[in-house]
Amino acid sequence: MSKPSIPQGTRDFSPAVMAKRKFILNTIESVYKSFGFMPLETPAMENLQTLTGKYGTEGDQLLFKILNNGDYLKDIQLTEVDSKSLTPKIADRGLRYDLTVPLARFVVMNRHEITLPFKRYQMQPVWRADRPQKGRYREFWQCDADVLGTDSLLCEADFIRIYTSAFSQLGLKDYEIRINHRKLLEAVCELCGAGDKFKAITIIIDKADKIGNDGVAKELIAIGLSEADSQKLLSQLDRIAFTEAGLAKLEKELGHLESGVKAISDLRQLLALSPSSLNTVKLDISLARGLDYYTGCIFEVVPTSVKMGSISGGGRYDDLTGVFGMKGISGVGISFGIDRIYDVMEELKLFPESGDQFTDILFCPMDEPALLYCIQIADQLRHSGVKVEVYPTASKLKKQLDYANDKKILWAAIVGENEMRTSIVSLKNLRTGEQDTCKSGDILGFIH
RNA sequence: GUGGUCAUAGCUCAGUAGGUUAGAGCGUUGGAUUGUGGUUCCGAAGGUCGUGGGUUCGAGCCCCAUUGAUCACCCCA
């Protein structure tokens with residue numbers, strides 16, 4: 001038999017890794033809950049029909065398709081098809097690509113039972129047949145929160161609060177929240193007399209970070225902008241502070257355009273509803289992610305001291321449920337990429353030391369009768385909420401303590417003939433090495 | 001999907017100009033110590049050198065293919 005392996009771009013999560021992942025997951029979940037979001041889970045697989053066409057042609061290629069069961073070639077004339085036209089005939093289902101489309105599908109299917117505004121969070125894996133590289137996996141987790149059914153910019157403001165609260169609880173300080181508004185992008189294109197090249201321009205300026213201003217200018221001219229217009233556009237791309245002064249500056253330049261007026265009015269409202277100190281928030285006109293469905297504010301969070309792509313993204317989409325036949329529902333949402341947050345926190349050593357402590361106290365029985373004695377005390381302690389385990393055999397003490405050290409357990413309760421005779425245990429603190437005896441009923445008070 | 005780099009023990013790596021039985025540290029495991037660990041000492045296990053072909057008297061080393069990792073592009077969390 002050949003060596004076992006796992007598919008490209010997937011990972012196992014060991015107990016030590018899971019402890020850290022759970023820390024991130026639990027932190028984000030508790031923040032979501034504190035804003036009134038409710039949990040939702042959807043199947044790993046969706047009907048392919050639900051998924052295709054939602055992520056652009058590029059996205060469709062990244063969908064994992066699931067081969068139909070049974071004799072899937074039964075009705076197929078192999079001579080008449082190529083692989084492209086064959087796929088929809090032999091695969092009816094696919095793995096979900098994100099959590100937003102399943103949400104839209106869920107809301108449309110349950111529209112009569114849902115009260116708007118509908119706030120839900122969802123933390124599950126998604127799959128993309130992308131080529132893996134740093135911070136990029138074929139199976140990874142998204143932690144989404146979305147609000148459907150309200151236009152209020154309080155939602156956007158709450159997401160800024162969620163960002164600051166979650167990252168501060170995780171201990172991540174070096175990050176920047178970037179905000180843009182789709183209409184701001186439109187206004188800028190219009191300003192340069194290139195309103196019709198909106199899509200091409202956003203793709204180019206989205207790359208500004210990578211190719212630099214000269215690169216952007218070159219590509220803009222290549223698609224037909226004049227030298228002057230491309231310079232005009234470039235001058236708008238600097239990230240500016242998200243303040244009234246910043247907005248006033250934008251208003252001066254874009255306030256005479258219809259889309260500019262709308263964008264600035266939205267952003268001004270958002271600013272008014274946002275928490276007061278916002279030095280991590282920047283307005284960034286070059287931010288152009290996921291334009292296929294975003295229609296209002298767009299968010300992205302990037303770590304500033306680690307070379308890594310965005311660790312969260314989101315925005316407002318006016319009509320996501322429209323593709324499933326339910327018009328006029330506005331939604332706004334964000335998504336944390338916990339795999340990347342993990343990588344960033346690992347690189348910056350931000351995980352708390354005690355994170356991988358699973359057990360509070362290990363009982364070390366010296367012989368068979370002691371083992372029976374131990375499990376009774378252990379049960380009592382568990383009722384009090386202590387995490388306790390009993391070493392399963394009466395092995396040599398060295399071996400049992402080695403086990404405790406390996407699992408970073410703080411307390412060892414040693415029990416042999418002597419202890420049993422007087423209903424006590426010997427409690428050893430494995431950090432300090434101190435040891436004392438204690439009545440078996442008083443352990444709880446002793447270890448606290 | 002396109003292009004570059006890499007692949008030796010569980011992990012991190014040596015391996016000299018192709019030449020006999022492929023090494024180290026850490027980790028694992030047994031003992032020194034029949035109820036006291038994280039230190040020390042001694043011993044052991046563990047690799048058909050990612051996989052499959054080829055060149056050669058001879059390949060861990062050279063060539064081709066394949067798989068995986070990694071980086072860039074595309075795109076994105």
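Lettering of chains follows the sequences in order, A, B, ..., and the numbering in each one begins at 1.
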request  = Starting at the 5' end of nucleotides 34-39 of chain B, put B wherever the base has a protein heavy atom under 4.0 Å, S where only the sugar-phosphate does, and a dash everywhere else.
outcome  = -BBBB-
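A distance of about 9 Å separates the P atoms of B:C26 and B:U40, rounded to the whole Å. Spacing of C1' atoms, B:C73 relative to B:G15, comes out at 36 Å, to the nearest Å. The same atom, C1', is picked in B:A9 and in B:U55; the two are 29 Å apart, to the nearest Å. The same atom, P, is picked in B:G4 and in B:G23; the two are 36 Å apart, to the nearest Å. The same atom, P, is picked in B:A32 and in B:G25; the two are 23 Å apart, to the nearest Å. Comparing the P positions of B:A22 and B:U48 gives a spacing of 12 Å, expressed to the nearest Å. The P atoms of B:A69 and B:C63 are separated by 23 Å, rounded to the nearest whole Å. Using atom C1' as the reference point in both B:G31 and B:A45, the two lie 14 Å apart (nearest Å).
Considering only residues two or more places apart in sequence or on other chains, A:F64 meets the ring pair (Phe, Tyr, Trp, His ring centres under 6.0 Å) condition with none of them. Checked against side chain to side chain donor-acceptor pair (under 3.5 Å), A:S395 has the following partners two or more places apart in sequence or in another chain: A:T393.
A:K399 places its NZ atom 13 Å from the P atom of B:A32, with the value rounded to the nearest Å. We find that CZ of A:R138 is positioned 13 Å from C1' of B:A69, with the value rounded to whole Å. The distance from atom CG of A:L287 to atom P of B:C76 is 11 Å, rounded to the nearest whole Å. Computed from coordinates, the A:Y163 OH to B:A77 P distance equals 10 Å when rounded to whole Å. Atom-to-atom, CD1 of A:I6 to P of B:G68 comes out at 12 Å; the value is rounded to the nearest Å. At whole-Å resolution of the value, CZ in A:F299 and P in B:C76 are 18 Å apart. One can place CH2 of A:W127 at 21 Å from P of B:C76, the figure rounded to the nearest angstrom. Here the C1' atom of nucleotide B:G27 and the CG atom of A:D406 are 11 Å apart, to the nearest Å.
A salt bridge links A:R120 with A:D146: the distance from a Lys NZ or Arg NE/NH1/NH2 to an Asp or Glu carboxylate oxygen falls below 4.0 Å. Ion pairing between a basic and an acidic side chain is recognised when a charged N comes within 4.0 Å of a carboxylate O; A:R178 and A:E176 show such pairing. With respect to the salt-bridge test (charged N to carboxylate O, under 4.0 angstrom), the residues A:K20 and A:E346 qualify. For A:R93 and A:E46, the salt-bridge test fails: no basic side-chain N is under 4.0 Å from an acidic carboxylate O.
Nearest-nucleotide positions on RNA chain B place A:T10 closer to the 5' end than the other of A:T10 and A:I311.
Residues A:T359 and A:E389 have side chains that bring a donor and an acceptor to within less than 3.5 angstrom of each other. A:Y55 and A:D98 form a side-chain donor-acceptor contact under 3.5 Å, judged by distance and modelled atom types alone. Counting only N and O atoms by type, the side chains of A:Y175 and A:T304 include no donor and acceptor under 3.5 Å apart.
The side-chain heavy atoms of A:L51 and A:K54, taken from C-beta on, include no pair separated by under 4.5 Å. Side-chain contact between A:D151 and A:R316 is present, with heavy atoms from C-beta onward closer than 4.5 Å.
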Under 3.5 Å donor-acceptor pairs involving side-chain atoms of residues 360-371 of chain A, not counting sequence neighbours:
residue : atom : partner : partner atom : Å
A:D360  : OD2  : A:K387  : N            : 2.8
A:D367  : OD1  : A:A370  : N            : 3.0

Between the protein and nucleotides 1-6 of chain B, list every N/O to N/O distance that falls short of 3.5 Å.
residue : atom : partner : partner atom : Å
B:U2    : O4   : A:R131  : NH1          : 3.3
B:G3    : O6   : A:R131  : NH2          : 3.1

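Using a 4.0 Å heavy-atom cutoff across all strands shown, A:G135 reaches at least one base atom of the nucleic acid.
By the 5.5 angstrom centroid cut-off and the 30-degree plane limit, A:F336 is classified as not stacked against the base of B:A77.
A donor-acceptor pair under 3.5 Å links the side-chain atoms of A:S274 to the main chain of A:L270, judged by distance alone.
Looking at RNA chain B, the stems built from 3 or more consecutive Watson-Crick or G-U wobble pairs, each pair with its key distances under 3.5 Å, are B:1-7 with B:67-73, B:10-13 with B:23-26, B:28-32 with B:40-44, B:50-54 with B:62-66.
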